[in-house]
*Asks:* 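This is the structure I have questions about; it appears just below.
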Amino acid sequence: MKRWSYLFIVLLALASFCSATANDKTGKLSIGGQAGFSVGFGSAFSEQKIIYTYGDDHFLEYWVKNELRYEWGMKMKYGLKPNWALAGTYEYQATKPSVVGIKGGGGHLDGRILDNFRCAAVNIIYIRFPERITSSYYTGGVGWYMIEEGKDKPGMNIGAGAESF
């Protein structure tokens with residue numbers, strides 16, 4: 001955790017040297033870090049039935065629902081107009097599986113279905129008050145979700161947040 005804290009501080013320092021002034025960011029590039037809380041939608045976050053068999057007559061059947069907990073990453077943003085920007089992000093998202101139900105006998109259950117994963121995305125950002133140093137924004141775009149080899153797939157994302165220059 002200490003290593004990630006240092007990395008985040010370095011990213012913020014880089015952003016302070018590379019980011020544009022608070023008034024007009026059109027045609028300017030900024031680099032920064034981000035952290036937040038995520039909510040997942042889609043088949044990876046619906047209730048999943050898992051059957052684990054061992055031996056000839058023993059099985060364990062359980063239902064798990066994955067929930068996203070937090071995310072952090074880095075962002076490169078290019079100002080298109082005073083209120084609009086294009087951003088490329090690379091995020092690390094942490095999940096926590098919740099066991100909904102269990103049926104069967106014997107065995108053990110570790111509850112790890114969807115572990116942490118990464119996402120590379122391209123987003124369009126609408127900045128509500130570009131003239132302020134700290135402003136709220138809305139974002140959305142497409143990304144490539146890297147869950148595990150063979151299960152990586154494209155997806156969409158939307159969000160909102162606040163940023164400060």
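Since the structure is predicted, the reported quantities are computational estimates derived from the model, not experimental observations.
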*Asks:* To the nearest 0.5 Å, tell me how far D152 CG sits from Y145 OH.
*Replies:*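 Answer for the CG-OH pair, D152 versus Y145, is 12.5 Å.
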*Asks:* Taking side-chain hydrogen bond (donor to acceptor under 3.5 Å, both in side chains) as the definition, give me every residue that meets it alongside Y126, ordered by chain and number, with sequence neighbours left out.
*Replies:*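 For Y126 there are no side-chain hydrogen bond (donor to acceptor under 3.5 Å, both in side chains) partners, ignoring immediate neighbours.
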*Asks:* How long is the gap from CD1 on I125 to CG on L86, to the nearest 0.5 Å?
*Replies:*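 Rounded to the nearest 0.5 Å, the CD1-CG separation comes out at 8.0 Å.
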*Asks:* Could you pull out all residues at least two apart from A120 that satisfy side-chain contact (heavy atoms from CB on, under 4.5 Å)?
*Replies:*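 By the side-chain contact (heavy atoms from CB on, under 4.5 Å) rule, A120 matches Y90, M146.
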*Asks:* With sequence neighbours left out, write down each residue that passes side-chain contact (heavy atoms from CB on, under 4.5 Å) with T89, or none if nothing qualifies.
*Replies:*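 Q34, K75, E91, A121, N123.
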*Asks:* Among all residues two or more places apart in sequence or in another chain, which pass the side-chain contact (heavy atoms from CB on, under 4.5 Å) test with M76?
*Replies:*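 Counting only residues at least two positions away or on another chain, M76 forms a side-chain contact (heavy atoms from CB on, under 4.5 Å) with L29, I31.
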*Asks:* Please give me the minimum heavy-atom distance between P130 and P82, naming the atom from each residue.
*Replies:*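 Result for this residue pair: CB-O, 3.0 Å.
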*Asks:* Nearest heavy-atom pair of A162 and Y137: which atoms, and what distance?
*Replies:*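 Shortest heavy-atom contact: N-CE2, 3.5 Å.
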*Asks:* Using side-chain hydrogen bond (donor to acceptor under 3.5 Å, both in side chains) as the criterion, list what pairs up with Y78, not counting sequence neighbours.
*Replies:*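 With neighbours one apart ignored, the set is empty.
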*Asks:* Where is the tightest heavy-atom contact between T134 and S164, given as atom of each residue plus distance?
*Replies:*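 Nearest pair, atom of T134 first, then S164: OG1-OG, 3.1 Å.
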*Asks:* Through direct or indirect side-chain contacts below 4.5 angstrom among Ile, Leu, Val, Met, Phe, Trp and Tyr, which residues connect to M156?
*Replies:*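 V142, listed by chain and number.
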*Asks:* Looking at OH of Y138 and CD1 of I127, how far apart are the two atoms once the value is rounded to the nearest 0.5 Å?
*Replies:*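 So the OH of Y138 and the CD1 of I127 are separated by 12.5 Å.
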*Asks:* What distance do W72 atom CH2 and Q93 atom CD have between them, rounded to the nearest 0.5 Å?
*Replies:*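 Separation between the atoms: 11.5 Å.
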